[in-house]
Amino acid sequence: MNVDTLRAAMVAVLLQQLDREDRRGTVADTGWSWARNGGTSLEAYAAVMRIEQELGIAIPVARLLGPAALDEVLASALQFPVQRDRGETWTSGDTVPATASQCRHWRHAQGEGSAAFLNMGQAIRCRRDFDADRAESAFRALVSRHESLRNRYVLDPDGRLVLQEVADWPDQVAFERHPAAVSIDAATTLIRTAVGRPFALDREPPVRGGWVPLPDGAAVVYYVIHHIAADGWSTDLLTSEFLDFYTTPHVVPAPATPFSAYAAMLDARARAGIYADDIAYWRRKFERVSADFTIARRDAQAGGQRAGSLRLGWDGAGEAEAVRTAAREYGVTTYSLLLAALLVAAHVVSGEDDVVVMSGVANRNSARVRETVGLFTNQIFFLGDFRRTDVPVRSYLQDVHADVVESLSRSELPVEVVLDGLDAYARARTLAPYANVLFQAADAPIEPPAIRDGSWIVHPLGTGTIKRHCNIHLVDTPGTLALELDYSLALVGPADADRLLATVRAGVEQLTASPDASVTQLVRCLRETAGERGPELTVFTVDYPGARSEPALASIVRESFPECHVVELPVPRSLDPEEFEKCLRRCREAVDRVDGPATVLSYCSASAWARYLTAELSDRALRLITVNGNAVTTVDWAEECAAVIRLLAPAIAPSLPPVEPLDGTAEPAEQWAAAGRILAAMNRALESAYRMRFGGSLSRVARETMGVQLAWLAYLGSCVVVGNRTAAEGGQTLVFPGDLRDGGAELVARLRPELVRCGRRGRAAR
């Protein structure tokens with residue numbers, strides 16, 4: 001094939017991707033860029049995969065999405081072909097190091113209450129003539145085809161988390177037949193229970209399935225897979241392949257590219273220093289912003305609270321086409337235009353000059369892994385700097401699109417490598433360091449023939465009870481342009497979620513209608529839309545940090561008292577006096593931003609910090625209400641450390657040295673120093689327990705897991721110190737048995753009259 005013929009074939013593949021029956025109604029022009037032609041991000045991924053599969057030429061998706069005309073992209077691809085493997089061979093062995101993303105999921109899996117977050121469930125319903133034996137054979141064929149479903153996760157002698165393939169797991173994997181359900185709702189409840197059961201990742205396959213018979217002869221088939229072994233792309237792929245294997249049982253599936261080959265490639269490239277520039281790029285980005293950025297100044301740890309959802313659609317006549325036309329004229333994708341509006345809206349709603357939005361990317365940059373089940377997905381981060389807004393909207397939009405393209409070009413590196421190096425997961429007040437707003441393009445639906453002909457239908461399991469981010473999905477299909485927002489009540493209340501989407505809509509309208517305006521004018525317009533009205537009563541919540549199996553205090557208050565404005569205050573997470581003062585300063589800034597009546601509501605061990613805080617902020621005359629408040633002593637602190645050690649190495653627990661009480665009369669600096677020495681001793685004891693449990697030198701994974709436990713112990717130590725610096729009594733204490741696992745029903749009943757009284761008192765004072 002000569003150059004001209006090859007070029008013509010490449011253009012044909014690209015044009016075929018663009019030329020479909022949709023909203024554009026335009027003829028693709030290779031003298032324009034991909035975005036100028038109206039191409040989307042998802043279509044770009046599909047195009048580069050098709051070119052690689054059909055022509056054997058790799059084009060980076062960032063190059064295709066960039067500002068260059070398609071002619072230039074194609075000429076560059078022919079003149080400077082990308083060496084996809086950079087000289088590396090993709091092979092899998094018996095033992096392969098886990099990726100940084102898998103290590104993070106493994107750490108989460110060690111914590112209490114995380115199973116529902118890490119387990120991904122899918123269900124489909126057979127409407128007629130269900131064959132249980134064929135379904136089980138199809139499910140086991142999936143495990144045979146995909147190596148990631150046969151991997152177990154263990155620490156090797158050096159303490160590294162590794163993947164080990166278990167050959168007989170296709171025969172051993174669980175595919176359970178449940179008793180017949182009396183209704184669809186009953187089947188859904190049963191499946192949700194099965195989905196929520198944790199996995200023993202070192203002893204069983206990271207996937208299991210089953211089926212539930214229905215009274216009419218139909219059945220619901222489900223599977224659940226641990227996030228350490230798969231991503232969203234994988235779950236759609238498994239559903240499609242299951243139906244293929246079910247409908248054609250005589251076909252023996254060929255093995256897919258093993259995920260361990262990809263993991264080994266990442267490890268080899270990292271050791272060769274290939275990602276050095278990418279690491280430097282992301283570090284420079286994160287240096288500009290705080291790891292604690294949250295939408296609307298909210299801080300939260302998701303833990304069992306209910307989720308909500310909203311939709312923003314461009315459904316009117318010509319609305320969607322107007323947005324897409326504006327994006328083409330700007331030379332950006334619709335995704336980039338909506339992202340630009342979201343960044344401005346986040347700036348207006350949060351009040352922060354530096355805002356961060358995170359995006360999940362499929363990260364399947366090679367056709368050979370298109371049909372591989374595994375954890376490829378990655379997070380990339382987009383920044384908005386609104387210190388200067390006297391720039392034209394057109395320039396701002398092009399900068400946002402350039403940020404998208406540059407970030408995509410560096411998406412192969414698991415971002416956990418950078419965040420772990422910055423100690424971000426330990427320091428951030430939220431579960432998503434640097435951002436709790438996730439904005440991504442929804443995956444194009446995979447519709448196998450069995451779904452299209454109606455013999456099988458997707459069976460929704462609901463959004464579940466735990467959302468870790470404010471998730472915004474862009475649906476950009478021929479018939480739909482919409483943003484679908486799923487949010488945690490621990491992160492944002494219904495009124496604020498609606499306010500955010502309303503502000504985004506206003507931003508898109510301005511970007512579409514006023515291309516010659518400035519960002520200053522855009523911000524001014526959005527502020528008018530968002531409004532600056534203040535709530536009647538502000539409730540500052542103070543809660544303990546870390547993984548938890550009970551709802552966060554803030555989520556209960558937001559859900560039960562929507563008339564209140566809820567702001568979570570940070571708690572000390574370190575025994576460093578400078579970090580302590582920084583935490584105190586952030587609390588004061590949060591309190592100073594609020595006018596009108598306010599109260600501080602604290603829970604459990606965090607009450608020590610709340611008492612200290614209200615004493616320090618006595619000029620605001622904040623009323624303090626503590627819920628099951630307790631004073632943390634050095635004895636409590638030592639027992640918490642001993643409990644962790646007993647789980648790891650019971651033999652050494654009795655030999656732990658006693659912890660001497662801190663001298664409450666000493667100077668603050670002396671108390672912090674003494675607490676630091678106690679924590680250092682706990683660190684040594686924990687390290688000994690880990691070495692006894694896992695042997696050898698501790699790996700990074702083991703140390704990071706230990707670091708999470710030390711962060712909790714540091715928090716408890718700070719409670720001891722501030723407790724010594726504050727009078728034991730302070731405010732009103734509400735005491736009730738148990739905890740918040742029941743959703744705080746008793747707390748709400750007890751709290752309602754107190755909050756009403758606080759609001760009345762504040763209004764009377766005004």
Answer yes when [X] and [Y] have at least one side-chain N-carboxylate O distance shorter than 4.0 Å, and no when they do not.
| X | Y | answer |
| --- | --- | --- |
| Lys285 | Glu406 | no |
| Asp420 | Arg107 | yes |
| Arg36 | Glu329 | no |

Does the side chain of [X] reach to within under 4.5 Å of the side chain of [Y], using non-hydrogen atoms?
| X | Y | value |
| --- | --- | --- |
| Val404 | Phe382 | yes |
| His226 | Val207 | no |
| Val344 | Phe386 | yes |
| Thr40 | Thr333 | no |
| Glu321 | Trp314 | no |
| Phe381 | Ser359 | no |
| Thr372 | Tyr262 | no |
| Val11 | Leu70 | no |

Of all heavy-atom pairs between [X] and [Y], which one has the smallest distance, and what is that distance?
| X | Y | answer |
| --- | --- | --- |
| Arg410 | Asp278 | NH1-OD1, 2.7 Å |
| Leu161 | Cys103 | CD2-CA, 3.9 Å |
| Pro97 | Arg160 | CG-NH1, 3.7 Å |
| Ser409 | Ala62 | CB-CB, 3.5 Å |
| Val373 | Phe376 | C-CE1, 4.4 Å |
| Leu149 | Pro206 | O-CD, 3.5 Å |

What's the separation between atom [atom1] in [X] and atom [atom2] in [Y], rounded to the nearest 0.5 Å?
| X | Y | atom1 | atom2 | value |
| --- | --- | --- | --- | --- |
| His250 | Phe245 | NE2 | CZ | 12.0 Å |
| Asp486 | Arg311 | CG | CZ | 13.0 Å |
| Leu342 | Thr503 | CG | OG1 | 10.0 Å |
| Leu142 | Ser240 | CG | OG | 10.0 Å |
| Ile225 | Leu375 | CD1 | CG | 10.0 Å |
| Asn378 | Met358 | CG | CE | 10.5 Å |

For this output row, return yes or no: ring centroids of Phe439 and Tyr335 closer than 6.0 angstrom. yes
Phe139-Phe242 aromatic ring centre distance below 6.0 Å: no
No-hydrogen, no-angle side-chain donor-acceptor test under 3.5 Å, [X] and [Y]:
| X | Y | answer |
| --- | --- | --- |
| Ser234 | Arg364 | yes |
| Gln122 | His459 | no |
| Asp236 | Thr239 | no |
| Ser101 | Glu416 | yes |
| Asn363 | Thr377 | no |

Give a yes or no on whether the backbone of [Y] and the side-chain of [X] come within a donor-acceptor separation of less than 3.5 Å.
| X | Y | answer |
| --- | --- | --- |
| Tyr223 | Thr235 | yes |
| His227 | Ala230 | yes |
| Glu147 | Phe259 | yes |
| Gln102 | Thr99 | yes |
| Arg145 | Ala254 | yes |
| Thr480 | Thr477 | no |
| Arg140 | Val173 | yes |
| Trp456 | Leu243 | no |
| His146 | Ser148 | no |
| Tyr330 | Leu511 | yes |

Working for salt bridge (charged side-chain N to carboxylate O under 4.0 Å, His left out), residues Arg269 and Glu412: CA-CA 11 Å; Arg269 292 184 181 178; Glu412 184 176 84; 2.5 Å; yes
Walk me through it: do Gln164 and Asn151 pass the test side-chain contact (heavy atoms from CB on, under 4.5 Å)? CA-CA 5 Å; Gln164 287 185 346; Asn151 281 335; 6.0 Å; no
Could you walk me through whether Phe286 and Val418 pass the side-chain contact (heavy atoms from CB on, under 4.5 Å) check? CA-CA 9 Å; Phe286 293 139; Val418 182; 3.9 Å; yes
Derivation and outcome, side-chain hydrogen bond (donor to acceptor under 3.5 Å, both in side chains), residues Asp71 and Thr30: CA-CA 5 Å; Asp71 281 331; Thr30 58; 3.1 Å; yes
Just do the side-chain contact (heavy atoms from CB on, under 4.5 Å) check on Trp282 and Leu413 with the steps written out, would you? CA-CA 10 Å; Trp282 289 111; Leu413 169 75; 4.3 Å; yes
The test is side-chain contact (heavy atoms from CB on, under 4.5 Å); show your working for Tyr222 and Ile124 and say whether it passes. CA-CA 6 Å; Tyr222 72 91; Ile124 50 178; over 6 Å; no
Distance under 6.0 Å and angle within 45° of the ring axis: does Arg370 meet both against Trp233? no
